[in-house]
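Keep in mind that this is a model prediction, so the values were computed, not measured. Quick note: residue numbers are just sequence positions, from 1. These values consider heavy atoms only, across backbone and side chains, with no hydrogens, waters or symmetry-generated copies.
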Amino acid sequence: MLDLNRTICALATPPGEGGIAVVRLSGPAAYPVAERVFRPANPAKKVAEAKGYTALFGHYLLDGQRMDEVVALFYRAPHSYTGEDVVELSCHGGRAMADGLVQACLKAGAAPAGPGEFTRRALENGRMSLTQAEAVMEIIGAAGRQGAALAAAQLGGALAGRIGAIQADLTELASHLAAWVDFPEEDVPELEPARLDAALAGAEARLQQLIDGYGAGAVLRHGVDTAIIGRPNVGKSTLLNLLAGFERAIVTPVAGTTRDLVEQAVMLGQTPLNLWDTAGLRETDDVVEAEGIRRSNQKFEEAGLILAVFDGSAPATEEDRALAARCKGRRAIAVLNKEDLTAAPGVFDQTLLEGCFDRVVTLSATEPAARDTLAQAVDSLMGTAGLDPNAGALCSQRQLAAAVAARDALAGARQARADGFDLDAVGVCLDDALEALCRLTGEDAGEAVIDQVFSRFCVGK
């Protein structure tokens, strides 16, 4: 259970060398603790008298000894990140000075903050909703600018706004139905069937839109594990180097050059990719190469996106046919490489790719323009090209599950109408949908759910 009577302290910046290190205090004794630790350069200035949104320059003391120069920033409740009195002390970066400042604050009466405790206090003090709290970690972990923008929109309340609009419409429907069913003597007008059906269908469609955008939003924020697969010497490592923008993998004409997995994170168009270059798929007696091929097959099974590379300058082989068949039903793009070396049109039988791939791209991995060609295909396939990062999107499996439950409850209400059940049944389904949306926003979230949300947080945030 969160104890809001404690004053907590933690390093708010990553540990290690840096320009500055920030130690944050939050709680009812934030100012008294800071006063014991921090000495303003101007003796006339007093910490206890510092107004919110002001700064003081000075130094900090550890066991009575003057240590490092410090800039102190002051925030008065409720106008702070946590909604409590907050003081942020910035010293020079480096483990020794930062650790010393944390130690001084703890000796002065602060308690160590737990993972995510600052943000959880903001939630408990009404400074943000649960969806906004989840957005904090999404911003920290965003892999690209579009993903960061998506998380920032959620932190700003975009998702809460979309859910709130649906809740308001359903609450109006549910209250009207309840009044009509429970108080017949009050002559409450019955909902017009056309209006009821349109309202249910509209709310279900808006929830479905949120659900459909979950996958693309998750890709924008965290990227997608992508396996580059193919037989030896089709240009897999050349493709990796092209996407990485430098020679990440060794490229030679010798089959079996790549024997282990080569990993590289890249930003391709709007989509962050966690790329894996893999050993060429073939039969071999080489023990080391065979282990690389085993790992290639494992990555094939784990990948969220497959770039299957084929040599477009040569006829298809049995290995090519087997790979194409394996990609059927998977999120995969066929990369027909070596376009510049193709002796004549049709040398590679592209009919074997039909029905196996979502997209087929013809390119030369040695040409820089090929990067843009592949980026368009990946953005289109992953749904990131048309996603508005400012619209607000679901960002966690917890939110997705709640949205699905609400959608299914509305589908149940529509089915009850179609099956001729009375409005009592519709009202029960509406209540179920509203309960699910309350779980999504955190209005009806239990302690266990909140603990699960904050289990991913880092100390200091």
Asks: I need the I166 CD1 to R407 CZ distance, nearest 0.5 Å.
Replies: 12.5 Å
Asks: Check whether N125 reaches the backbone of P78 with its side chain - one donor and one acceptor, N or O, closer than 3.5 Å.
Replies: no
Asks: Which atom pair, heavy atoms only, marks the closest approach of L410 to E204?
Replies: CD1-N, 3.6 Å
Asks: Check whether any side-chain heavy atom of L434 lies under 4.5 Å from a side-chain heavy atom of T171, and answer yes or no.
Replies: yes
Asks: Within the distance-only criterion (no hydrogens, no angle test), does the side chain of E124 pair as donor or acceptor with the backbone N or O of R121 below 3.5 angstrom?
Replies: no
Asks: With heavy-atom distances below 4.5 Å as the criterion, would you say the side chains of V86 and R24 are in contact?
Replies: yes
Asks: For C395, does its backbone N or O pair with a side-chain atom of Q399 as donor and acceptor, under 3.5 Å?
Replies: yes
Asks: For G269 and D379, which heavy atoms make the closest approach, and how far apart are they?
Replies: CA-OD2, 3.6 Å
Asks: For Y81 and T119, which I'm curious about, is there any donor-acceptor pair between the side chains at under 3.5 Å?
Replies: yes
Asks: Determine whether the aromatic ring centres of Y53 and F74 lie less than 6.0 Å apart.
Replies: no
Asks: State, yes or no, whether a side-chain contact exists between L363 and V335 at a heavy-atom distance under 4.5 Å.
Replies: yes
Asks: Just how far is it from atom CD1 of I306 to atom CD1 of I333, taken to the nearest 0.5 Å?
Replies: 10.5 Å
Asks: Are any non-hydrogen side-chain atoms of L239 and V234 less than 4.5 angstrom apart?
Replies: no
Asks: Show your working on side-chain contact (heavy atoms from CB on, under 4.5 Å) between D225 and L275 and close with a plain yes or no.
Replies: CA-CA 6 Å; D225 288 344; L275 283 176; over 6 Å; no
Asks: For a quick check under 3.5 Å, do D212 and Q208 share a side-chain donor-acceptor pair by atom type?
Replies: yes
Asks: If you compare all heavy atoms of T7 against all heavy atoms of P28, which two are closest, and at what distance to 0.1 Å?
Replies: OG1-N, 3.4 Å
Asks: So, the side chain of D63 versus the backbone of Q65: is there a donor-acceptor pair under 3.5 Å, distance only?
Replies: no
Asks: Any donor and acceptor pair, going by atom type alone, linking the side chain of R36 with main-chain N or O of A108 inside 3.5 Å?
Replies: yes
Asks: R330 and E301: side-chain contact (heavy atoms from CB on, under 4.5 Å), yes or no, with the steps?
Replies: CA-CA 9 Å; R330 299 290 301 274; E301 298 300 330; 4.0 Å; yes
Asks: Go through the steps to decide whether T317 and D320 satisfy the test side-chain contact (heavy atoms from CB on, under 4.5 Å), and finish with yes or no.
Replies: CA-CA 5 Å; T317 66; D320 292 331; 3.3 Å; yes
Asks: When you look at R331 and D358, which way does the salt bridge (charged side-chain N to carboxylate O under 4.0 Å, His left out) test go after all the steps?
Replies: CA-CA 7 Å; R331 185 173 284 173; D358 296 295; 5.9 Å; no
Asks: Establish, for the pair R76 and Y31, whether the NZ or CZ atom is under 6.0 angstrom from the six-membered ring centre and no further than 45 degrees off its axis.
Replies: yes
Asks: Compute both the distance and the angle, then confirm whether R39 meets the cation-pi test with Y60: under 6.0 Å from the six-membered ring centre, within 45 degrees of the axis.
Replies: no
Asks: Look only at the side chain of D3 and the backbone of N5, and say whether a donor-acceptor pair between them is shorter than 3.5 Å.
Replies: yes
Asks: How many angstroms lie between atom NE2 of H59 and atom CG of L101, to the nearest 0.5 angstrom?
Replies: 12.0 Å
Asks: Donor-acceptor pair, distance only, cut-off 3.5 Å: does the side chain of S80 make one with the backbone of A77?
Replies: no
Asks: If you take all heavy atoms of E84 and L4, which pair is closest and at what distance?
Replies: OE2-CD2, 3.9 Å
Asks: Under 4.5 Å between any side-chain heavy atoms of T131 and L440, yes or no?
Replies: yes
Asks: Checking the side chain of T238 only, and the main-chain atoms of K236 only, is there a donor and an acceptor separated by less than 3.5 Å?
Replies: no
Asks: Do you see a donor-acceptor pair shorter than 3.5 Å between the side chains of T82 and S26?
Replies: yes
Asks: Before you tell me yes or no, could you show the steps for I20 and V22 under side-chain contact (heavy atoms from CB on, under 4.5 Å), namely the whole-Å CA-CA distance, both residues' side-chain angles and the distance that decides it to 0.1 Å?
Replies: CA-CA 7 Å; I20 62 170; V22 178; 4.1 Å; yes
Asks: Can you measure from CG (L62) to NZ (K107) and round to the nearest 0.5 angstrom?
Replies: 5.5 Å
Asks: Do you know the tightest heavy-atom contact between V23 and C9?
Replies: CG1-SG, 3.6 Å
Asks: Are V71 and L56 close enough that some pair of their side-chain heavy atoms sits under 4.5 Å apart?
Replies: no
Asks: Taking the side chain as every heavy atom from C-beta outward, state whether L159 and T441 have any pair of such atoms under 4.5 Å apart.
Replies: no
Asks: Rounded to the nearest 0.5 Å, how far apart are CG of L336 and OG of S364?
Replies: 11.0 Å
Asks: Can you see which heavy atom on L89 is nearest to which on A72, and at what distance?
Replies: CD2-CB, 3.6 Å
Asks: If you round to the nearest 0.5 Å, how far is CG of D85 from NE2 of H79?
Replies: 11.0 Å
Asks: Can you label the angle between the F357 ring and the F310 ring as parallel, tilted or perpendicular, going by 30° and 60°?
Replies: perpendicular
Asks: Less than 3.5 Å apart, any donor N or O on the side chain of R359 or S380 sitting next to an acceptor on the other?
Replies: yes
Asks: Is any side-chain heavy atom of R162 closer than 4.5 Å to one of R206?
Replies: no
